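Everything on this sheet refers to the single structure shown next.
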Number of protein chains: 2
Amino acid sequence: MNFHKRIVIIEDDAELRGCYRLIIGSVDRYHFVNAYENCEEAFPHLHKDKPDIILMDINLFSGISGIEGVKYIKSKYPHIEVVMISVHDDAEMVFEALRAGASGYITKSSNYLELIQSLDELVKGGAPMSSKIARLVISNFHSNPNSPLSEREKDVLKLISEGKSYTQIADQLFISKETSKTHIKNIYSKLEVNSKSEAIEMAKSKKYI
Amino acid sequence: MNFHKRIVIIEDDAELRGCYRLIIGSVDRYHFVNAYENCEEAFPHLHKDKPDIILMDINLFSGISGIEGVKYIKSKYPHIEVVMISVHDDAEMVFEALRAGASGYITKSSNYLELIQSLDELVKGGAPMSSKIARLVISNFHSNPNSPLSEREKDVLKLISEGKSYTQIADQLFISKETSKTHIKNIYSKLEVNSKSEAIEMAKSKKYI
DNA sequence: AAGTTATCCCCCATATTGGGGGAAATTTTG
DNA sequence: CAAAATTTCCCCCAATATGGGGGATAACTT
């Protein structure tokens, strides 16, 4: 584990900026470099700040959002690890932040110990997350057990979402083209749709596939 | 938080079974119910064991795999939380287990304290994961920053993977059908493929979309 | 100035799609 | 055990989509 990981804060609440500064300053293995009020203020300084880790508030009052901020940072400095700090645990916001490149997501309720533990977790190769966030992320993998679709129909629908044609599905599942068509017709009637795109949209939104 | 969460173990190593039993028995808030060598042995007893949590080895020597085991358990008893225990941190195995319905995934190196902490994490609504697993799971959301595709091309390819036709893509992106076609042609030439399915497969495997 | 990106247009032959019908064998479930 | 669901296969048809070929312009980046 390297010494003196350099930390930069982007957070619009002045009081919280101060808190984070104190907490990080109190531990040898982390070096507080700078704190900024928003992304626009921070970005021109990143080149000389050379942070290893950025703690970023996701709901910034002024300028671009935390999510856009992560995208920018990861595109210019892919090695920087960004941990999002948020009051919300809204699923879509969490997933967007992670897709944008965040390495962790913790809620603002985190106390002194938890913040340091999150940084330690990150440095040892993990991904710091609050309990609820972890559950959200894992639940994202779970499929809906109340799917009206049979296993075979799910197989077929998955292949449709991979852009496969009836013929390709037939070849891959070792069935005839007519059988794929029958499955698809039954999928449409069960989901009450009548096209590939509607079926995919419906199935994904209800987590059937 | 409820008292006496009931725990069942499915693990083929007799020594480990004993360990888990001791660890769980040593804490008031957990009640060790039974330990089984494999899924076939365990399943007929689940109805009367009524576990709240099952600790399941993912690599069982005999009978069905841990992953198939989770699928069965979640289909019959959706309220039971299953935590996978594994020596491996192979990405595909982790994701399969999570898709199958696991609520957590920890590695066997976990010591006494870590096992209890994992159970506590689960009970308070979290999802226990080892560091590496958490990073794997989060990395799964990250897209490849070295995509040869432009932003617009990624938009188009995402819509293709949702089963949309040229016309539908055009309508949704407020461009003409011919423009969608041009984008798709350029995507094909950049990815060196010549069909929707190949493009989706390529882009997903390289995490371009 | 050169390259990339995003937009639009034309032509053409083949493949795919969605909808209609029916049927038989197997498996699951009540 | 009997009913229901699932999985498999077949035919017909018209409208649409697809992939490949060609070319073009404006805007933005490098």
Side-chain angles (χ1 to χ4, degrees), chain A residues 71-72 75-76 143-203 208-209, chain B residues 43-44 47 64 68 71-72 74-78 145-203 208-209:
Chain A
K71 280 187 195 165
Y72 174 86
S75 70
K76 296 281 175 183
S143 57
N144 187 338
N146 300 327
S147 170
L149 303 179
S150 72
E151 286 307 310
R152 203 54 161 172
E153 286 163 352
K154 279 189 244 173
D155 292 342
V156 170
L157 194 48
K158 275 175 202 160
L159 291 173
I160 290 184
S161 83
E162 287 163 21
K164 300 280 204 299
S165 70
Y166 296 166
T167 318
Q168 289 173 307
I169 292 170
D171 289 349
Q172 201 162 331
L173 297 181
F174 303 105
I175 54 179
S176 93
K177 178 161 64 167
E178 292 305 321
T179 306
S180 331
K181 285 188 68 175
T182 307
H183 284 310
I184 289 164
K185 282 185 224 173
N186 291 334
I187 291 167
Y188 288 179
S189 94
K190 282 184 182 180
L191 300 185
E192 294 175 292
V193 298
N194 46 9
S195 71
K196 290 190 295 178
S197 52
E198 288 174 293
I200 293 170
E201 205 161 355
M202 171 72 72
Y208 294 157
I209 54 167
Chain B
F43 290 169
H47 184 69
I64 68 169
E68 290 305 316
K71 279 188 197 168
Y72 174 85
K74 294 302 282 189
S75 71
K76 295 282 175 186
Y77 314 95
N146 299 326
S147 169
L149 303 179
S150 72
E151 285 307 310
R152 203 54 162 172
E153 286 163 352
K154 279 188 244 174
D155 292 341
V156 171
L157 194 47
K158 275 175 202 160
L159 291 172
I160 291 183
S161 83
E162 287 162 21
K164 300 282 204 301
S165 71
Y166 296 166
T167 317
Q168 289 173 308
I169 292 170
D171 289 348
Q172 200 162 330
L173 297 181
F174 303 106
I175 55 180
S176 92
K177 177 161 64 167
E178 293 304 322
T179 307
S180 332
K181 284 189 67 173
T182 307
H183 284 310
I184 289 163
K185 283 185 220 173
N186 291 334
I187 291 167
Y188 289 179
S189 93
K190 282 185 182 179
L191 301 185
E192 295 175 293
V193 299
N194 45 10
S195 71
K196 291 191 295 179
S197 52
E198 288 174 292
I200 292 170
E201 205 161 355
M202 172 73 72
Y208 294 157
I209 54 168

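In what follows, chains carry the letters A, B, and so on, assigned in the order in which the sequence lines appear, proteins first and then strands, with residues in each chain numbered from 1. Because the structure is predicted, anything quoted here is derived from the model rather than measured.
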From CD (A:Glu192) to CE (A:Met202), nearest 0.5 Å: 7.5 Å
Exercise: identify the closest heavy-atom pair between B:Leu157 and B:Ala199: CD1-CB, 4.0 Å
Under 3.5 Å, which protein N or O atoms sit close to an N or O of nucleotides 27-30 of chain C? Give each pair with its distance.
none

Residue pairs passing the salt bridge (Lys or Arg N to Asp or Glu O under 4.0 Å) test where at least one lies in residues 179-190 of chain B, sequence neighbours excluded: B:Glu153-B:Lys190
B:Ile169 CD1 - C:dA6 C1' separation (whole Å): 15 Å
Approximate separation, where rounding is to 0.5 Å, of B:Lys158 NZ and B:Gln172 CD: 12.0 Å
Contact residues, residues 170-192 of chain B to DNA chain D [heavy atom, < 4.0 Å]: B:Lys181, B:Lys185, B:Tyr188
Heavy-atom pair of closest approach, residues B:Tyr166 and B:Ile184: CE2-CD1, 3.1 Å
Non-hydrogen atoms of B:Lys164 and A:Ser197 that approach each other most closely: CD-CB, 3.8 Å
The helix from C:dA1-D:dT30 to C:dG30-D:dC1: angle between end helix axes, five pairs per end, rounded to 10 degrees: 80°
Nearest non-hydrogen partners of A:Leu173 and A:Arg152, listed with the distance: O-NH2, 3.0 Å
Exercise: identify the closest heavy-atom pair between A:Ile169 and A:Val156: CD1-O, 4.1 Å
Boundaries of the chain A footprint along DNA chain D (any atom under 4.0 Å from a heavy atom): D:dT6 to D:dC12
Heavy-atom check, side chain of B:Tyr208 versus side chain of B:Ile187, under 4.5 Å: no
Working for side chain to side chain contact (heavy atoms under 4.5 Å, CB included), residues A:Val193 and A:Glu201: CA-CA 10 Å; A:Val193 298; A:Glu201 205 161 355; over 6 Å; no
Least distance between heavy atoms, B:Pro148 atom then B:Leu191 atom: CG-CD2, 4.3 Å
Rounded distance (nearest 0.5 Å) linking atom CD1 of A:Ile209 with atom CG of A:Asp155: 11.0 Å
DNA chain C contacts made by residues 148-160 of chain A, counting heavy atoms under 4.0 Å: none
Straight-line distance of A:Ser176 OG to A:Asp171 CG, nearest 0.5 Å: 10.5 Å
Any donor-acceptor pair under 3.5 Å from A:Tyr188 side chain to A:Lys196 backbone: yes
More than 12 heavy atoms from other groups under 6.0 Å of NZ on B:Lys154: yes
